[in-house]
There are 2 protein chains.
Amino acid sequence: MFADWPASDPAPASVAVPATDRRAARHAATRQEILDAAWAMARERGLGSLGMRELAAAVNMRAPSLYQYFGSKLEIYDAMFREGMGQALAAVGGEVDRRQGLDALRESGRRMVEFATSDPVRAQLLFQRTIPGFEPSPESYAPAVEMSGKVAALIKQVGITDPQAMDMFTALMSGLINQQLSNDPGGTRWIRLVDRVVDMFLAEMAPAT
Amino acid sequence: MFADWPASDPAPASVAVPATDRRAARHAATRQEILDAAWAMARERGLGSLGMRELAAAVNMRAPSLYQYFGSKLEIYDAMFREGMGQALAAVGGEVDRRQGLDALRESGRRMVEFATSDPVRAQLLFQRTIPGFEPSPESYAPAVEMSGKVAALIKQVGITDPQAMDMFTALMSGLINQQLSNDPGGTRWIRLVDRVVDMFLAEMAPAT
DNA sequence: GTCTATACATCGATAGAC
DNA sequence: GTCTATCGATGTATAGAC
């Protein structure tokens, strides 16, 4: 179920794909090389400081050649977003599917916070809207919708019927992530509050449980 | 106490200030005009899309003239940050000083969330670190430290001694703000959860109260 | 002192040769 | 499919008009 967004996804419709399978595979491989280099560059010099010339140099190309693989710089961001959201879905949903009830909800919270804080640049791309002009395409955003559905199902599964529960839960996790990244990057000051916050949430939502 | 960061603050040391008071006043006024135009432009086209030529045109100047008032584009961002943080301190601290106990803490939470969500661009500048190369100067950041101290005092004042209380409270407010801005800009979907979240926080921290 | 014209390096992106 | 050359736009430095 989570294999729908593999790292080596073929190119989107906006870029022409060569006819033969051989060429298509090579094209996809080069595309992935560029993406990997883009992640490395973004982590080194900041997400907003991606430069086409420098990115091209990192994969032994000149800048114009990149446009054979991506229609624009924003399309590179979109591909990164798609990749990152797929990872988020896998990280939060995968293990959680094998647990039940409160344990699963607690684990999903832990994984959400750990996933987001373990890669600040990825979190900036996925959860803040910070690149001028960039908005993820619906296809790239799809995993986020699926993940949201999974969390909603978890909440319902533990017997919480409060319609505000989902919004509160996402806000709590988002707050921990935000503070951790903003005020203690690389540390654990807010990460270690996750279990306590989830328990606080449960006490508010399902006092009987 | 909050008048220390008036909107018409004199120019920082990095830009030469004219000798006479007359000229200094005119200089400060023009500086403020530029800042106001910068806020307007940022709200219209996005914080990261501030352009020097366009900003200059908005105040009937050419781009190089702006450098008489600000040493660089990042210095404009810094002045905006300073102004915004002053407003944050005034919004959160001002009224709260006149209340006491739980009421004051609740009100500070409300005001924090309302302040941040009422101007998304300002919130992006103050609370996300999103402009490539920009970091607020210590002088501009000072109101944030003072505000943080005020909230800590509020928490202590209601009898909460838990050392994690401050981190949890800021995370809760930050999460509401984050979700509101990201997923329902202009709406109230998370804003209206503030009181409930604060109560949940109080129940966790001071069950006896 | 204030503002401008000019210039320059760099950016994302395009055209066309090979 | 990759290149060189180039375009228009950007942030910014400088020289000089008034």
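Owing to the predicted nature of the structure, the values given are computational and were not obtained by experimental measurement. Numbers restart at 1 for each chain; the letters A, B, ... are given by sequence-line order, proteins then strands.
The nearest whole Å value for the distance from the CZ atom in A/R23 to the C1' atom in D/dG1 is 9 Å. Look at CZ on A/R26: it is 11 Å from C1' on D/dG1, rounded to the nearest Å. Distance, B/H27 NE2 to C/dT2 C1': 9 Å, rounded to whole Å. Between A/L50 atom CG and C/dC11 atom P there is a gap of 12 Å when expressed in whole angstrom units. Rounded to whole Å, atom C1' of C/dG12 lies 16 Å from atom CZ of A/F70. Distance A/N60 CG to D/dG1 P: 18 Å, rounded to the nearest Å. In this structure, B/I131 places its CD1 atom 12 Å from P of D/dG11, rounding to the nearest Å. Following rounding to the nearest Å, B/R22 (CZ) and C/dG1 (P) show an atom-to-atom distance of 15 Å.
Axis deviation across the helix from C/dG1-D/dC18 to C/dC18-D/dG1 amounts to 10°, comparing end segments of five pairs, rounded to 10 degrees.
Atom CD of B/E135 has 12 or fewer heavy atoms from other residues, nucleotides or ligands within 6.0 Å.
Within the 4.0 angstrom heavy-atom criterion, no nucleotide atom of any strand lies near B/L55. Within 4.0 Å of B/I76, counting heavy atoms only, lies no atom of the nucleic acid at all.
Residues passing the side chain to side chain donor-acceptor pair (under 3.5 Å) test with A/R45 are A/E54, sequence neighbours excluded. Considering only residues two or more places apart in sequence or on other chains, B/S72 meets the side chain to side chain donor-acceptor pair (under 3.5 Å) condition with none of them. Applying the salt bridge (charged side-chain N to carboxylate O under 4.0 Å, His left out) criterion to B/R189, with sequence neighbours excluded, gives A/D167. For A/R98, the salt bridge (charged side-chain N to carboxylate O under 4.0 Å, His left out) partners two or more places apart in sequence, or in a different chain, are A/E95. Evaluation of the ring pair (Phe, Tyr, Trp, His ring centres under 6.0 Å) rule for A/Y77 yields no partner, not counting sequence neighbours. Contacts of A/R196 classified as side chain to side chain donor-acceptor pair (under 3.5 Å), with partners at least two apart in sequence or in another chain: B/D162, B/Q164, B/E204. Judged as a side chain to side chain donor-acceptor pair (under 3.5 Å), and not counting sequence neighbours, the contacts of A/N178 are B/S174.
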* To do: Treat primed atoms plus P, OP1 and OP2 as sugar-phosphate and everything else as base, then score nucleotides 13-18 of chain C 5' to 3': B for base contact with protein heavy atoms under 4.0 Å, S for sugar-phosphate contact only, - for none.
  => BBB---
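Under the side-chain contact (heavy atoms from CB on, under 4.5 Å) rule, A/F81 has a single partner from A/P136, A/P143, A/S137, which is A/P136.
Dashed line: the shortest gap from a side-chain N or O of A/S65 to OP1 or OP2 of D/dC3 is under 4.0 Å.
Ranking D/dC3, C/dC3, C/dA5 by closeness to the B/R62 side chain, first place goes to C/dA5. Of the listed nucleotides (D/dC3, C/dT2, D/dT2), D/dT2 has the atom at the smallest distance from the side chain of A/Y69.
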